[in-house]
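Notes to accompany the following structure.
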Amino acid sequence: MRQKRVAGNWKMNGDQAQNAALLHAIAEQAEKTTAALLVCPPFPYLLQAVAALQTTGVEIGAQDCSAYQEGAYTGEVSARMLADLGVQWVLIGHSERRHYHGEDNALLVEKGRRAVEAGLKPILCVGETLAEREQGLTQQVVAAQIAPFLEHFTLQELASFCIAYEPVWAIGTGLTATPEEAQAVHAAIRAQLAEVDASWAEQVGVLYGGSVKADNAASLFSMPDIDGGLIGGASLDAGQFLAIANAAE
Ligand SMILES: O=C(CO)COP(=O)(O)O
């Protein structure tokens, strides 16, 4: 049985005071959830989250990492620095990075490489735009986002990855893929992974993201190939985030 996982992507939100309250509430409740939890705060607050959650079992992820190892790359944050802080996970290829920062597959493979070298577990984010869905290209687009990773990483390296399917049209819009729509894509993703190795494909966590809320999480998470969620807006509210986590049981 794959473990259910619920990850909160805080995006560019929060400040020390707001984070303290959110982290405190998560720390208090974390023990009661059977799903594995992780939060992905902005870079400046990672240490705050590491400190607040260190005895709770809730893991910490970063929202991005540099494609470079170290050196004269002003403004970049390396995977090794993240690992040094006690961060375990890193999002790779969130659609907002692909869209606003022009991150393409070649760059994302490099970021994934740096993450794996540093011992971080990548959450590879994939998903189609509305126009792509309307043209019937969903599975093709998602497969093309995953394929470079299957090509450039060994099975042993891939074993630390999670995939997050986040249809771009569902992110922050209040529109959610129906459980059946999401399940169809998740099943296609797992079939693609099974071409590399069937038993690995059975174990990989494939999370759904895009307007997941407390009231739609249970129906999404009950689908056979949906192993939890990557939560944006609702992860900023402890009550919502924990209710979503509880829906993953
Ligand atoms: O992008 C997301 C998580 O990475 C989803 O965001 P929302 O839950 O706000 O739609």
Side-chain angles (χ1 to χ4, degrees), residues 4-14 18-19 22 26 35-43 45-46 49 58-65 82 87-103 108 111-112 115 120-130 132-133 138 141-142 145-146 161-179 181-182 185-186 189 205-221 223 226-248:
K4 290 275 197 266
R5 188 176 305 283
V6 174
N9 175 8
W10 294 4
K11 307 192 180 184
M12 197 171 73
N13 292 292
Q18 284 170 19
N19 301 344
L22 179 53
I26 293 171
L37 297 184
L38 80 124
V39 295
C40 304
F43 288 135
Y45 302 122
L46 284 167
V58 180
E59 295 186 302
I60 313 293
Q63 298 172 17
D64 184 29
C65 70
L82 298 171
V87 169
Q88 293 105 332
W89 294 88
V90 60
L91 305 183
I92 301 284
H94 191 280
S95 66
E96 288 151 15
R97 301 292 320 170
R98 294 179 193 260
H99 179 71
Y100 297 120
H101 301 274
E103 297 193 358
L108 296 174
K111 292 189 172 200
L120 297 177
K121 297 176 277 189
I123 299 179
L124 172 61
C125 303
V126 298
E128 82 288 2
T129 62
L130 185 58
E132 288 163 343
R133 172 162 284 262
T138 298
V141 166
V142 168
Q145 290 170 334
I146 293 174
F161 279 65
C162 259
I163 311 274
Y165 168 58
E166 301 203 295
V168 177
W169 50 271
I171 294 178
T173 58
L175 300 171
T176 325
T178 65
E181 283 169 337
V185 181
H186 283 235
I189 290 171
V206 186
L207 312 181
Y208 171 80
S211 298
V212 179
K213 308 287 178 213
D215 59 5
N216 61 21
S219 58
L220 285 158
F221 298 167
M223 302 310 281
I226 300 183
D227 305 316
L230 179 53
I231 319 302
S235 74
L236 300 171
D237 178 310
Q240 279 268 337
F241 183 61
L242 292 159
I244 291 168
N246 287 326

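Atoms within each ligand, like the ligands themselves, are counted from 1 in listed order. For reference, positions follow the sequence shown, starting with 1.
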ask   = According to the interplanar angle, ranging from 0 to 90°, do the rings of Tyr165 and His186 count as parallel (below 30°), tilted (30 to 60°) or perpendicular (above 60°)?
value = perpendicular
task = Please round to the nearest 0.5 Å and tell me the distance separating atom CG of Asn9 and atom CG of Leu38.
result = 9.5 Å
task = Name the closest protein heavy atom to atom 9 (O) of ligand 1, giving the residue it belongs to and the distance to 0.1 Å.
result = Gly233 N, 2.8 Å
query = Just distances here: any N/O of Gly232 and N/O of ligand 1 closer than 3.5 Å?
reply = yes
note = Between Trp10 and Pro42 the two heavy atoms that sit nearest each other are CE3-CD, 4.1 Å
remark   = Under 4.0 Å from one or more heavy atoms of Gly172, ligand 1 contributes atoms 7 (P), 9 (O), 10 (O)
note = The atoms of ligand 1 lying under 4.0 Å from a heavy atom of Leu230, numbered in the order shown, are 3 (C), 4 (O)
query = Under 3.5 Å, N or O to N or O, is Thr173 touching ligand 1 that way?
reply = no
key: Nearest heavy-atom neighbours spanning Cys65 and Leu82   = CB-CD1, 3.8 Å
ask   = Applying a strict 4.0 Å limit to heavy atoms, is Ala170 in contact with ligand 1?
value = yes
task = Report yes or no: does Gly209 have a heavy atom closer than 4.0 Å to ligand 1?
result = no
remark   = residues 227-236 vs salt bridge (charged side-chain N to carboxylate O under 4.0 Å, His left out), sequence neighbours excluded, gives Arg2-Asp227, Arg190-Asp227
inquiry  = Below 4.0 Å from ligand 1: does a non-hydrogen atom of Lys213 turn up there or not?
reply    = no
query = In Å, rounded to the nearest 0.5 Å, how long is the span from CD of Glu128 to CD of Gln145?
reply = 8.5 Å
inquiry  = Are the side chains of Leu230 and Leu91 in contact, using a 4.5 Å heavy-atom criterion?
reply    = yes
request  = Starting from atom 6 (O) of ligand 1, find the nearest protein heavy-atom neighbour and note its residue, name and distance.
outcome  = Lys11 NZ, 3.2 Å
Qualifying side-chain hydrogen bond (donor to acceptor under 3.5 Å, both in side chains) pairs, either residue in residues 230-244, two or more places apart = none
query = Between Gln63 and Lys11, what is the shortest heavy-atom contact and its length?
reply = NE2-O, 3.0 Å
message = Measuring from non-hydrogen atoms of Ala234 to any atom of ligand 1, is the shortest distance under 4.0 Å?
response = no
For Gly210, the ligand 1 atoms whose distance to one of its heavy atoms is below 4.0 Å = 5 (C), 10 (O)
task = Find all atoms of ligand 1 within a distance of less than 4.0 Å from any non-hydrogen atom belonging to Ser211, and give their numbers and elements.
result = 7 (P), 8 (O), 10 (O)
query = Considering only the protein, which heavy-atom contact is closest to atom 2 (C) of ligand 1, and what is its distance?
reply = Glu166 OE2, 3.0 Å
